[in-house]
Amino acid sequence: MPLDPARTVAELKELRELTGDEKGAQRVAWTETWETARGWLREKLAGLPLEEEIDEAGNQWWTLRGASEQEVLIGGHIDSVPNGGWLDGALNVVAGVEVVRRLAEEGEPAVTVRLVNWADEEGARFGRSLFGSSAAAGSMADQDELRQHRDAEGIALPDALSEHGVDLDGALDARKQLEHAAAYLELHIEQGPVLESMDLALGVVLGTFGVERHQVTFTGQAAHAGSTPMDKRRDALAGAAKLELEIRAIAKRTGDGAVCTMGGVVTKPGIVTSVVETAECLLDQRHLDATRLAELLSNAEAAARRFAQEEDIEVAWERIWSIEPILFDDALIELADESIREVAGESHRLPSGPLHDAAEVARAGVPTVMLFVQSLRGLSHTKLEDTKEEHLELAVQALDRLAEKAIARVAAG
Ligand SMILES: [Zn+2]
C-alpha cells in the first residue's frame, strides 16, 4: 500500500463531518465528541499490526514494533477549541495514520515507530494547555492547582478526567512513555501568515519562542485637568505612551523575529477631568534566542526608567509569566529541510509563536522537529481555518519522507 496523501484529506473531511457542526470543530478534550474522535482514530488503525495503549494521562499510543526498541514518535492532538478549525491538531494525527499504514505494509521497520494522540493540547475546557504531553515529559508540576480548576458548568477537572479513565495524581506515570524515544516529529498548520506571504507550502520550525510577560506600572499624581498647568503635571499615561512606541524600535533593533506587544493599558482614575495617576501596562516580549530575549527585556526596562525620569513619575515591573525558548534538534531540522525540498522544491525555516506538544517533548530531552504547512489568511482557532488541499497532500508526503529519514538516522545510531 503506497502512501496515499489524498486519503488523508478525505479522512480529515470525514472527521469534520463526524465531530463538527455549523460553527466549526467541537472536539474539546474530556467530552463525548472528543471520545467519538478518538474512537474514529482507533477504527482507522484497526487491522494494522499495532499495539494500542492509553497511558495514565489519557494519551493514545499505537506502536509498530521495529528491529530496535529505539523509537521514532509521530505526534499530534485530535482535540480542538470550541468552534475550532478542521486542521489544528487533527492534521498531525491523521497524516501520521497514513505514514504508519505505509510503514506497516512494508514489514518490520528498522526501529520502533509510535503514533501518539496527545490528550488535551488546547486546554479549552479547564484552561490548562499541553496536559498529556507535559505529563509524559515530566514537566507537569501544577497538580495541586489543577485540582481547583472547574469548567464553565462548575465541574471539577479531576472529576471530568476520571470520567475518561484518568486519575490526576497518576498522570505523571505517563513519563515512562518517552523512555525509548529517539526522535519526535510533528506536523502542524502554521496558524500564521508567514508561509502564505512567501508563497511557500511548507516550512521547518526551529523552535518555540521564549516569552517574557510583565505588568509595567507607571505612577504619577492625579490632578485637576483644568487647574494643573502642563509643565506641573506628573502624568503616568505619558510614560506608558512613550513606552508603547519605544518597544517597536526595541524589537526592530533586536531583529531576527523579535516581537513586543503592549496588549493593554488600564489608567486610573480614568476620568476625563483628571491627569492619570497610574497606568498599568501589559507587556509581552518574545524571541527564539534567550540572550536576545533578555536584551529585549533590559532595553524596555531602561527605556521605561528614562521615560519615568522625563515625566517625573515612577515605574515598577512585575513578572506575570515567562518561559525560555525551546530549540528543536539541528540534525532533525536538516532532515526536515531536505524532506520539504524533495516534495515542494523550496523550504523555509521559521520559529513558532504558539507553544505545541513538540515543545514539551523537546524539553524532556527528546530530539524534536516540527513541520509547518501554510495556513490560508493565517487564521486558526476558528471555522475559517483552512489550507489548500494540494498543500495538505504535500505535507503528508513531507512527513512521510521525514519519518523515513529519522528512522534511518536513529537506526544508524
Ligand atoms: Zn494545535
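The structure displayed is predicted, hence computed values, not measured ones. The figures here come from the full heavy-atom set of this structure, side chains too, leaving out hydrogens, waters and symmetry mates. Atoms within a ligand are numbered from 1 in the order they appear, just like the ligands themselves.
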Identify all side-chain donor-acceptor contacts of residues 197-211 below 3.5 Å with residues at least two apart in sequence or on another chain.
residue	atom	partner	partner atom	Å
Ser197	OG	Pro193	O	3.4
Ser197	OG	Val194	O	2.7

List the atom pairs, with distances to 0.1 Å, where a side-chain N or O of residues 153-165 and a protein N or O form a donor-acceptor pair under 3.5 Å, not counting sequence neighbours.
residue	atom	partner	partner atom	Å
Ser162	OG	Asp159	O	3.1
His164	ND1	Glu35	OE2	2.8
His164	NE2	Trp30	O	3.3

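Between His77 and Asp79, the side chains place a donor N or O and an acceptor N or O closer than 3.5 Å (distance only, hydrogens not considered).
Judged by the 6.0 Å and 45° rule, Arg319 forms no cation-pi pair with Trp317. Because its NZ or CZ atom is both nearer than 6.0 Å to the ring centre of Trp86 and within 45° of the ring axis, Arg16 counts as a cation-pi partner of that residue.
Atoms of the protein (N, O or S only) found under 2.8 Å from the Zn ion (ligand 1) are His77 NE2, Asp88 OD1, His188 NE2.
Among residues two or more places apart in sequence or in another chain, the salt bridge (charged side-chain N to carboxylate O under 4.0 Å, His left out) test is passed with Glu122 by none.
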